[in-house]
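Data block below; observations after.
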Amino acid sequence: MTMINYIKYGFRWTIHSKTKDGIRKSKIEIAKNPKRFEIINFLLEQFKRETTYLEIGVRNPNHNFNKINADSKHSVDPGVEFKSNPVDFQLTSDAFFEALSTGKILTSDTRFDVIFIDGLHLAAQVDLDISNAFKFLKPDGFVVLHDCNPPTEWHAREDYYFNMTPAKGYWNGTTWKAFVKWRSNSEVQSCCIDTDWGIGILSKTAAIGGSIEGSNPFFEYDIFANDRKKYLNLIDFDQLKDKLLSS
Ligand SMILES: C[S@@+](CC[C@H](N)C(=O)[O-])C[C@H]1O[C@@H](n2cnc3c(N)ncnc32)[C@H](O)[C@@H]1O
């Protein structure tokens, strides 16, 4: 590429409406409150008993794990993004659940009150993580997912490492697809709190939101984005409190 093209295309990218839109939407999302640990702590407070918490995908524990208030906490991460990786189990989620189910770690009858899934953000992996999480969740427990509400298709790209998009380094991956898939399961109640890139919540007992009919069979981003209130049951934190405190 000649120098003139290099400058021309770089400049066009910088001033393109999609680039500006992506940058603007990242800023809006970052400014939202509450953050994920406040929602998780609220859910844990609902149990009037000793609580057990599991986090899948931790990175720097100061950002979330260390802010969680539970009587017993466990952390799982293979250490892809944070070299020191100070977690209980330096494993992928698949390896962790396999070892848990065979009693090689903890005990096979271990059950958690809240499991926070924030590991590999690709739909097939998140779907499997949700499935495994329900096997080790107490009957009235919550599965919580980060990054369910990507503000643009660039935030919802599959490749974490390619950041020359309007989302720059921000990445929600395709977690939204797994969450939307579980929202069509009639045995599961669900909602997504509109903050911190979308905090998805799944429960088998709490009345937080009924299932939806599948109407986006190919999980196309634009169809999802144009009706995200429906696909995610997108609500704010006060609405979640109303639902849980009134039930
Ligand atoms: C977005 S970060 C987690 C952020 C953290 N939960 C927080 O709230 O600040 C994603 C983490 O998932 C980890 N990860 C990647 N693949 C994984 C897998 N297969 N199983 C579990 N964790 C994985 C990465 O190493 C990374 O530390």
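Each ligand, and each atom within it, is numbered from 1 in the order the structure gives.
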Checklist entry - So, is the end of the Lys8 side chain (NZ or CZ) under 6.0 Å from the ring centre of Phe11 and within 45° of the ring's axis? => result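 Output no; distance or angle outside limits.
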
Checklist entry - Tell me, which protein residue and heavy-atom name are nearest atom 14 (N) of ligand 1, and how many Å apart are they? => result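 Protein heavy atom with the smallest distance to atom 14 (N) of ligand 1: Pro78 CD, 3.8 Å.
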
Under 3.5 Å between any N/O of [X] and any N/O of ligand 1: does that happen in this structure?
X: Arg59; result: yes
X: Gly57; result: yes
X: Asn60; result: no
X: Val80; result: yes
X: Ser93; result: yes

Item to check | Remaining members of the apolar cluster that contains Leu120, side-chain heavy atoms under 4.5 Å | outcome: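 In the cluster with Leu120 are Val80, Leu122, Tyr160, Tyr161, Trp171.
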
Item to check | Among Leu120, Asp118, Asp77, closest by any non-hydrogen atom to atom 10 (C) of ligand 1 | outcome: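 Selected option, by shortest heavy-atom distance: Asp118.
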
Checklist entry - Which option out of Thr92, Val87, Asp147, Asp129 puts a heavy atom nearest to atom 19 (N) of ligand 1? => result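 Nearest heavy atom to atom 19 (N) of ligand 1 lies in Thr92.
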
Checklist entry - Charged N to carboxylate O under 4.0 angstrom, Asp196 versus Lys32? => result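 A salt bridge is absent here (no side-chain N lies under 4.0 Å from a carboxylate O).
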
Item to check | salt_bridge(Arg49, Asp140) N-O dist < 4.0 Å | outcome: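 Judged by the 4.0 Å cut-off on N to carboxylate O distance, Arg49 and Asp140 do form a salt bridge.
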
Next on the checklist: Suppose we screen for ring pair (Phe, Tyr, Trp, His ring centres under 6.0 Å). Which residues come up paired with Phe96, at least two apart in sequence or across chains?
Outcome noted: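 With neighbours one apart ignored, the set is Phe89.
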
Item to check | Plane angle bin for Phe116 and Tyr53 - parallel if under 30°, tilted between 30 and 60°, otherwise perpendicular | outcome: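 Correct class here is parallel.
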
Checklist entry - Are the aromatic ring centres of Trp197 and Tyr170 under 6.0 angstrom apart? => result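 So the answer is yes for these two rings.
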
Next on the checklist: Under the criterion side-chain contact (heavy atoms from CB on, under 4.5 Å), I'd like the reasoning laid out for Asn163 against Lys168: C-alpha separation, chi angles, the key distance, then a yes or no.
Outcome noted: CA-CA 5 Å; Asn163 56 23; Lys168 298 196 170 176; 5.5 Å; no

Between [X] and ligand 1, which residue portion shows a heavy-atom distance shorter than 4.0 Å: side chain, backbone, both, or neither?
X: Arg36; answer: side chain
X: Val58; answer: backbone
X: Glu55; answer: side chain

Item to check | Those atoms of ligand 1 less than 4.0 Å from some heavy atom in His63 | outcome: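 What qualifies from ligand 1 is 9 (O).
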
